[in-house]
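Written out below as structure tokens is the structure these notes cover.
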There are 2 protein chains.
Amino acid sequence: MVLLVHHPVSAFSRKIRIILNEKKMLFVLREEEPWALSDEAYQLNPSGSLPIFVYDGKAISGNYAISEFLEEASPDVPLLPKNIEKRAETRRLCEWFDEKFYHEVFLQIVTEKVFKRFSNGGAPNAKVINIGLNNLAFHLEYVDWLAERRNYLAGDEFSLADIAAAAQISVIDYLGDVPWDGYKNAKIWYSKIKSRPSFKDILKDNIRGILPAKHYANLDF
Amino acid sequence: MVLLVHHPVSAFSRKIRIILNEKKMLFVLREEEPWALSDEAYQLNPSGSLPIFVYDGKAISGNYAISEFLEEASPDVPLLPKNIEKRAETRRLCEWFDEKFYHEVFLQIVTEKVFKRFSNGGAPNAKVINIGLNNLAFHLEYVDWLAERRNYLAGDEFSLADIAAAAQISVIDYLGDVPWDGYKNAKIWYSKIKSRPSFKDILKDNIRGILPAKHYANLDF
């Protein structure tokens with residue numbers, strides 16, 4: 001049995017769920033709250049991050065290790081191009097979203113609006129949220145720029161880069177903080193990703209105590 | 001010609017330099033200050049991070065994209081194991097150092113002690129440095145624990161995981177902030193890495209205006 005320890009607010013959990021869906025691998029989800037991880041989860045992953053991928057009693061943790069492992073273990077549905085230069089471009093964009101977007105946008109907004117609420121961290125700091133929203137505008141501009149020039153973010157084909165980007169953006173969109181109207185090409189790109197069967201689960205996500213933005217699950221938004 | 005745009009204080013630049021040395025690839029270094037990146041560097045890498053790998057007039061940026069590219073382009077000296085589960089364990093540890101150590105230790109210490117100095121960011125904040133040093137103790141304990149059980153951090157063979165860890169730790173060691181004496185196995189591991197020909201350049205590194213700790217380049221420290 002393949003088990004994914006995850007949480008709907010965790011962008012990296014979403015990334016791995018979409019990969020598993022794209023690769024048509026069957027898996028069971030177990031929810032853990034990132035702000036109150038169980039001892040068992042810590043034993044599976046001493047770094048204390050989500051998601052954790054468990055199969056045959058073995059655990060793989062870390063978004064980078066899991067996504068590369070799945071690409072190697074299940075190559076029939078490739079999510080990286082064959083050409084090594086195109087692979088590099090795809091991975092460059094994965095890192096852009098996994099690292100840059102995550103630290104400049106995701107953590108600013110989601111720590112304040114969600115994590116603090118459940119971990120008794122106090123009231124959300126509007127100043128920090130605003131920094132995140134300002135950075136978001138810059139990132140949306142970049143997505144818009146890429147989407148105007150390319151079919152998908154890294155090139156002609158759908159790839160890990162689209163998954164990495166949509167995983168992060170979808171959590172911010174759940175909170176209603178993505179100003180889609182200013183970014184026509186980014187919006188068209190995101191509607192293509194939203195329409196994929198692999199994304200269906202993500203659109204049904206429910207973060208306890210926080211309703212999704214009205215348009216969150218709409219394919220036409 | 002292969003060019004690496006780098007800086008001696010950039011852990012990710014060090015990581016790629018060690019990989020290139022291990023793979024015996026010839027390359028030219030060009031130094032750029034991370035706190036005052038040139039327009040040309042931004043054109044090569046819009047994310048504004050170092051290092052940037054340039055070959056045949058093409059640029060690859062991002063530590064993840066460059067290291068996986070080099071592994072694919074130059075497989076004769078493999079830095080990832082063959083077995084996909086061992087590859088996953090190696091990448092898990094790369095992410096541990098590239099992401100967790102970098103944000104919990106490196107940025108706290110190096111931003112305050114080095115970046116602020118050159119970017120007119122004001123006086124170093126001792127409170128932030130102390131958070132970094134406390135986190136460092138936890139990370140050294142983990143390296144010590146791994147090194148007690150394994151020949152190298154990810155298993156029997158030298159791998160990308162050792163390079164990722166040593167790249168981060170070597171910058172902190174340059175600043176004299178690694179309390180080696182409390183971590184016997186970690187120290188033995190680091191002395192093995194220090195002795196590799198691929199690490200020679202790193203031990204000659206010089207960060208402008210900051211002298212390395214006395215023991216920095218000593219193989220017996």
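In the text below, chain A, chain B and the rest are named by the order of the sequence lines, each starting its count at 1. Because the structure is predicted, anything quoted here is derived from the model rather than measured.
Of the options Lys82(A), Arg87(A), Lys86(A), a salt bridge (Lys or Arg N to Asp or Glu O under 4.0 Å) to Glu72(B) is made by Arg87(A) and by none of the others.
Residue-level contacts of residues 25-37 of chain B with chain A do not occur; threshold 4.5 Å between heavy atoms. Applying a 4.5 Å heavy-atom cutoff, none of the residues of residues 123-130 of chain A approach chain B.
Between Glu89(B) and Phe69(A), every side-chain heavy-atom pair lies at or beyond the 4.5 Å cut-off.
Here Asn63(B) is the residue among Ile60(B), Leu93(B), Asn63(B) with the most heavy-atom pairs under 4.5 Å with chain A. Of all the listed residues (Lys58(A), Glu68(A), Arg92(A)), the one sharing the greatest number of non-hydrogen pairs under 4.5 Å with chain B is Glu68(A).
Ala88(A) and Ala65(B) make their closest contact through O-CB, 3.4 Å (heavy atoms, listed as atom of the first residue, atom of the second, distance).
Looking at Phe53(B), neither its backbone nor its side chain comes within 4.5 Å of chain A, counting heavy atoms on both sides. Within the 4.5 angstrom heavy-atom criterion, atoms from both the backbone and the side chain of Ile84(B) approach chain A.
Interatomic distance, Glu99(A) CD to Ser47(B) OG, rounded to the nearest 0.5 Å: 9.0 Å.
The environment of CD in Glu71(B) is crowded: more than 12 heavy-atom neighbours from other residues, nucleotides or ligands sit within 6.0 Å.
Ring planes of Tyr64(B) and Tyr64(A): perpendicular class, angle over 60° (limits at 30 and 60°).
A donor-acceptor pair shorter than 3.5 Å can be found between the side chains of Glu85(B) and Tyr55(A).
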